[in-house]
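Just so it is clear, the structure is predicted and the values come from calculations on it, not from any experiment. Proteins come first, then strands; the chains are lettered A, B, ... in the order of their sequence lines, and each starts at number 1.
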There are 2 protein chains.
Amino acid sequence: MKFEVLAIDGAARRGRLTTGHGVVDTPVFMPVGTRATVKSLAPDDLVAAGAQMVLGNTYHLLMRPGHEVVRELGGLHRFMGWDGAILTDSGGFQVWSLAKLRRITEDGVTFRSPVDGSSHFLSPELVIEVQQALGADIVHPLDECLAYPATHEETERSSALTLRWARRARDRHRATGAPAQALFGIVQGGTYADLRARAADETVALDLDGYAIGGMAVGESRSAMYELTALVAERLPSARPRYLMGVGKPGDLVESVARGVDMFDCVLPTRNARNGQCFTWDGPVVIKHARWTRDPAPLDPNCACYACRSFSRAYLRHLFVSDELLAYRLLSLHNVRFFLDLMAAMREAIAAHAFEAFRTRFFSRYGVSSVDVSTDERAGGEV
Amino acid sequence: MKFEVLAIDGAARRGRLTTGHGVVDTPVFMPVGTRATVKSLAPDDLVAAGAQMVLGNTYHLLMRPGHEVVRELGGLHRFMGWDGAILTDSGGFQVWSLAKLRRITEDGVTFRSPVDGSSHFLSPELVIEVQQALGADIVHPLDECLAYPATHEETERSSALTLRWARRARDRHRATGAPAQALFGIVQGGTYADLRARAADETVALDLDGYAIGGMAVGESRSAMYELTALVAERLPSARPRYLMGVGKPGDLVESVARGVDMFDCVLPTRNARNGQCFTWDGPVVIKHARWTRDPAPLDPNCACYACRSFSRAYLRHLFVSDELLAYRLLSLHNVRFFLDLMAAMREAIAAHAFEAFRTRFFSRYGVSSVDVSTDERAGGEV
């Protein structure tokens, strides 16, 4: 994997990731394909929306259909029919948030599957092995996630364990990994600036292909998330990509790009689509409202997605209130397109050294940045 | 609307309907778009599958969003973004099977909406008015449907009412209809040969643009359905299209084309897709079976649909057992494509005067005709 920074504007970076499955322009938003599918969308929908990279959740794929099945069927790209780039997370967040009866030791984590109650053990080495079977372009080491809030002591101990696990993951990856598969580190450290700084420095010392900022958007305030993101991003090497895991709302993407983040993933565009919330440049639209019953206008006249080119708000509302499956697909198509268009607009603004003007214009139209609303987007995959 | 018979092979006919929304090759299968959407499919999916005409359910559209809303938004074609031909039924079957507290008089039918309990009245004239608002290419007169079984006396009385309503519908249609909108008659008569023959003759005397065979696939035996279909089809004028409402399974389509039917609609391809049953030339496939867990082969190697070109049975099974929305769309895409391919194969066989050979070959591969299994496909729309 190769990463080039093509332009810098303030802390914002316009870059290019070259993977074994195509070029990815950064800042990039990765639609979430938890179970080897971005919910309700097919690969050709993603291509049409402009997606270059999607995320798969290691934990969910391990539970079903199992990494051996995916390996046997030619890896995750072939299994899900996606020729673009794929990033897999480590499963740490999901074990923390979804699994039952988890027990963490120095060795790794034991937990019960919520699917069938079966017992599983994951170590840093096994997580690398699972991700090698899946065959993503970018993989992650097992990390420990903490509930918010956590004490300084708990966070320090946990962050140190994540570091030790990252070293073991790196060693296994170096010994057995395919050269095309990149390994990122995950910077934890909770809401403590000193621990975040230490975690960043020690993770960077492992000399990994890129760096993820983990443990964000779990309930802390937006201002804390922005500050800690800036703090960590500043300490990460400029020549490597920076990935803010599980973030976020459109405003969060703009604010985090402004702080030097290159990569994002979030369930919001697809999950909100299924709840009838649509993203537009003028702010969110709730499609079920009776005011759209006879509205012949598209969801967003500025959007070139299939839904906006083909259908009225009245029709989309009719589908949604009728619980028609097509509603979920069309609104997902639109929302994913909006997130990808937003990233493209940011890339263009950075390249033109006009990011600050873009940021001001974006918020004046979309609505003010909800900096004081606490974060709650992180979903641990979309099921 | 123009109808031409291009080739005849036995009783089977290869024809061409020319509508205000394109040419429709017959025998044709119309995917069911009950609520202005063929479940889980978008118009471009239908075009890719080869659909030339879809069915809309007058009753469901009247209940939601209402025919006035559809009219205001430019008619059903524009509302649902479908440029091909559309046929609407009359709502009679749905009032019979779905509505609560219906009361039938000479004037028409009064019923309560199962959506909101509101009271509605439909007369033959109002049903024409509603369908004019929807703007389908082919519309139908209000008819009375009977439960199976019904006595000869009940059936005779009901069939006569349907005839009187058809005359009123025709008169209203002639007085107020757009020239491009065709009106079909509906031949009732239950399972009684004499009543079917009389209904056919009296409906034909109304000189309508085409003739539907109604009240089939409601529980009678397959052999009865085939015999009555043949009996009615023979009495219908060869220069007008013949439509067997709500039928059927692949074998029923082949057997009914052999008896001179030109048009079909049925919820099976889409409804069964959502239940995980897929149609193939080698018979049905139940996708959730564990035997497909590691199967890299497509659902049907002979099929050119997006699902078969892009994905393995293993992946489709994974999506289905994971309750992923994409499963319903991909299996619907495939099933609709199979039904449309089957019709295309029949058209080709008729044109080549080789329909009997095709019929034998079809059943030897797909499985024997279940002539003694009673019919139960008629769904009154797909909700």
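Both the backbone and the side chain of B/A36 come within contact range of chain A, judged by heavy atoms closer than 4.5 Å. For chain B, the nearby part of A/D45 is the side chain; its heavy atoms alone come within less than 4.5 Å. Looking at B/R274, the atoms closer than 4.5 Å to chain A (heavy atoms on both sides) all sit in the side chain, from C-beta outward. In this structure, chain B has heavy atoms under 4.5 Å from both the backbone and the side chain of A/V321.
One N or O on the side chain of A/Y306 and one on the backbone of B/D44 form a donor-acceptor pair closer than 3.5 Å. Of the possible donor and acceptor atoms, none in the side chain of A/Y315 sits under 3.5 Å from a partner among the backbone N and O of B/R78. Side chain of A/R294 to backbone of B/L73: no donor-acceptor contact under 3.5 angstrom is found.
In this structure, A/H318 and B/F79 have tilted ring planes: the angle between them lies in the 30° to 60° band.
The candidate from A/A314, A/S310, A/S312 with the greatest count of non-hydrogen atom pairs under 4.5 Å with chain B is A/A314. The residue among A/E324, A/H60, A/E72 with the most heavy atom pairs within less than 4.5 Å of chain B is A/E324. Contact count against chain A (heavy-atom pairs under 4.5 Å) is highest for B/R64 among B/R317, B/R64, B/E68.
Looking only at side-chain heavy atoms (C-beta outward), A/F311 and B/P43 come within less than 4.5 Å of each other.
Shown here is B/N275, whose CG atom has more than 12 heavy atoms of other residues, nucleotides or ligands within 6.0 Å. Crowding of A/R291 atom CZ: a count of heavy atoms from other residues, nucleotides or ligands under 6.0 Å not exceeding 12. Atom CG of A/D282 sits in a crowded spot, with more than 12 heavy atoms from other residues, nucleotides or ligands closer than 6.0 Å.
Here the NZ-OG distance, from A/K39 to B/S322, works out to 8.0 Å after rounding to the nearest 0.5 Å.
When all heavy atoms of B/L326 and A/L41 are compared, the closest pair comes out as CD2-O, 3.4 Å.
Of residues 328-336 of chain A, those residues lying under 4.5 Å from chain B by any heavy-atom pair are A/Y328, A/R329. Inspection of non-hydrogen atoms places no residue of residues 126-138 of chain A under 4.5 Å from chain B.
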